[in-house]
Amino acid sequence: MLTIHADSRGRALAVKGAWIADAGQSADLVAAHPGARVRQWPGILTPGLVNIHGNELLEEAYHPDPREADELGTEPLTGDALAALEMDDARWGASARRCVQRMLAHGTVRAACESLRNRAVRDAVHRSGLAVMGRIGRPDGTPALDPYDSGWPVQFAEPRERNSAARFAVFDVRDEEELAERGAGTCVATVAEGRLVYRRR
């Protein structure tokens, strides 16, 4: 089934399976695909964000389960706090799944990583829909789930166009300038491989 995702500026993407079937103004796409389901989102459609600190967030931090909040808090644990934990593959895999979900909730569609060494982390990422891109060396900035908090220039994924992968994010802001001011916590929806993998409640 074809789904049209439209934003407040009248821009839209038509998604079929894992691919962009059409792109343009929402009125034009609705007219061209009369049987499509239409999702109208507040804010702006973007190609989604790239988080350059993939290894640091996925393999060098533990993301506590909400049930551990009283003991461990809610923020990622690194350094000595991570070293104090008893980590096995199951715990690393669960941490990576929570990390990916939090990335997706910030409109991240791609993580930049050197080779992921931890098999449990690799498997969790592979099944999540989050894309991985290569990188060389460790980037500057501070690892953060919101790329706007990293202190490093924010990167967007490649523009979405017809026949490109259905991977994008919607932010409830007026424009890119407001997005930079308010950050990626304004994400209302993230689509990966044609699937709605995050929707703000």
Side-chain angles (χ1 to χ4, degrees), residues 1-33 35-54 57-58 63 66 74 96-112 124-133 144-150 154-201:
M1 183 181 199
L2 196 73
T3 301
I4 295 172
H5 296 264
D7 71 6
S8 297
R9 298 190 291 191
R11 299 175 182 174
L13 298 170
V15 174
K16 186 174 184 179
W19 303 96
I20 303 294
D22 208 350
Q25 294 299 304
S26 57
D28 295 338
L29 265 58
V30 170
H33 308 282
R37 176 174 58 181
V38 178
R39 290 188 182 272
Q40 182 68 51
W41 299 106
I44 63 172
L45 272 169
T46 75
L49 300 174
V50 176
N51 195 309
I52 62 172
H53 294 104
L57 290 168
L58 289 162
H63 299 263
T74 59
R97 288 190 293 274
R98 289 189 290 272
C99 178
V100 167
Q101 284 302 312
R102 291 165 184 171
M103 284 183 173
L104 295 171
H106 286 87
T108 293
V109 298
R110 191 177 295 273
V125 173
H126 178 71
R127 290 192 290 264
S128 71
L130 180 72
V132 174
M133 61 184 289
L145 292 166
D146 183 342
Y148 285 98
D149 290 338
S150 71
V154 170
Q155 298 180 27
F156 283 88
E158 303 86 354
R160 298 297 85 193
E161 55 190 20
R162 185 180 297 178
N163 298 325
S164 63
R167 194 183 300 278
F168 53 90
V170 188
F171 298 91
D172 188 8
V173 294
R174 294 186 304 274
D175 50 33
E176 286 78 6
E177 183 177 351
E178 185 180 357
L179 174 56
E181 291 173 356
R182 295 178 56 196
T186 56
C187 181
V188 292
T190 304
V191 172
E193 297 180 350
R195 296 181 291 115
L196 186 62
V197 292
Y198 169 74
R199 180 175 184 174
R200 189 167 72 189
R201 298 183 184 278

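Since the model is a prediction, treat every value here as computed from it, not as a measurement.
Checking side-chain atoms of N163 against main-chain N and O of W19 turns up no donor-acceptor pair under 3.5 Å. Under a 3.5 Å cut-off, the side chain of R160 and the backbone N or O of A166 do not form any donor-acceptor pair. Side-chain atoms of T190 come within 3.5 Å of backbone N or O of L104 as a donor-acceptor pair.
No side-chain heavy atom of R102 sits less than 4.5 Å from a side-chain heavy atom of L57. Side-chain contact between C99 and V125 is absent, with no heavy atoms from C-beta onward closer than 4.5 Å. Looking only at side-chain heavy atoms (C-beta outward), I20 and V15 come within less than 4.5 Å of each other. Residues H53 and S150 have side chains in contact (heavy-atom distance under 4.5 Å, counting atoms from C-beta outward).
Atoms CD1 and NE2, on I4 and H33 in that order, are 6.0 Å from each other to the nearest 0.5 Å. R110 contributes atom CZ, which lies 13.0 Å from atom CE of M103 (distance to the nearest 0.5 angstrom). Atoms CE and CG, from M133 and N51 in turn, are 11.0 Å apart once rounded to the nearest 0.5 Å.
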If you look only at distance, which donor and acceptor atoms sit under 3.5 Å apart when one is on a side chain in residues 35-49 and the other is two or more places apart or in another chain?
unit_1: R37; atom_1: NE; unit_2: T3; atom_2: OG1; d: 3.4
unit_1: R37; atom_1: NH2; unit_2: T3; atom_2: OG1; d: 3.2
unit_1: Q40; atom_1: NE2; unit_2: D7; atom_2: O; d: 3.1
unit_1: W41; atom_1: NE1; unit_2: H5; atom_2: ND1; d: 3.1
unit_1: T46; atom_1: OG1; unit_2: G48; atom_2: N; d: 3.0
unit_1: T46; atom_1: OG1; unit_2: A169; atom_2: O; d: 3.1

Which pairs would a plain distance check flag for residues 181-189, meaning a side-chain donor or acceptor within less than 3.5 Å of a matching protein atom at least two apart in sequence or in another chain?
unit_1: R182; atom_1: NH1; unit_2: D172; atom_2: O; d: 3.3
unit_1: R182; atom_1: NH1; unit_2: E178; atom_2: OE2; d: 2.9
unit_1: T186; atom_1: OG1; unit_2: G183; atom_2: O; d: 2.8

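Across all their heavy atoms, R98 and H63 have their closest contact at NE-O, 2.7 Å. Residue Q101 comes nearest to V197 through the heavy atom pair OE1-O, 3.9 Å, listed as atom of the first residue, atom of the second, then distance. The minimum heavy-atom distance between E161 and A23, with the atom names listed, is CA-CB, 4.4 Å.
Checking each of V50, D146, L145, L130 against T108 for a side chain to side chain contact (heavy atoms under 4.5 Å, CB included) leaves exactly one that passes, namely L130.
Within a 6.0 Å radius of CZ in R174, other residues, nucleotides and ligands contribute 12 heavy atoms or fewer.
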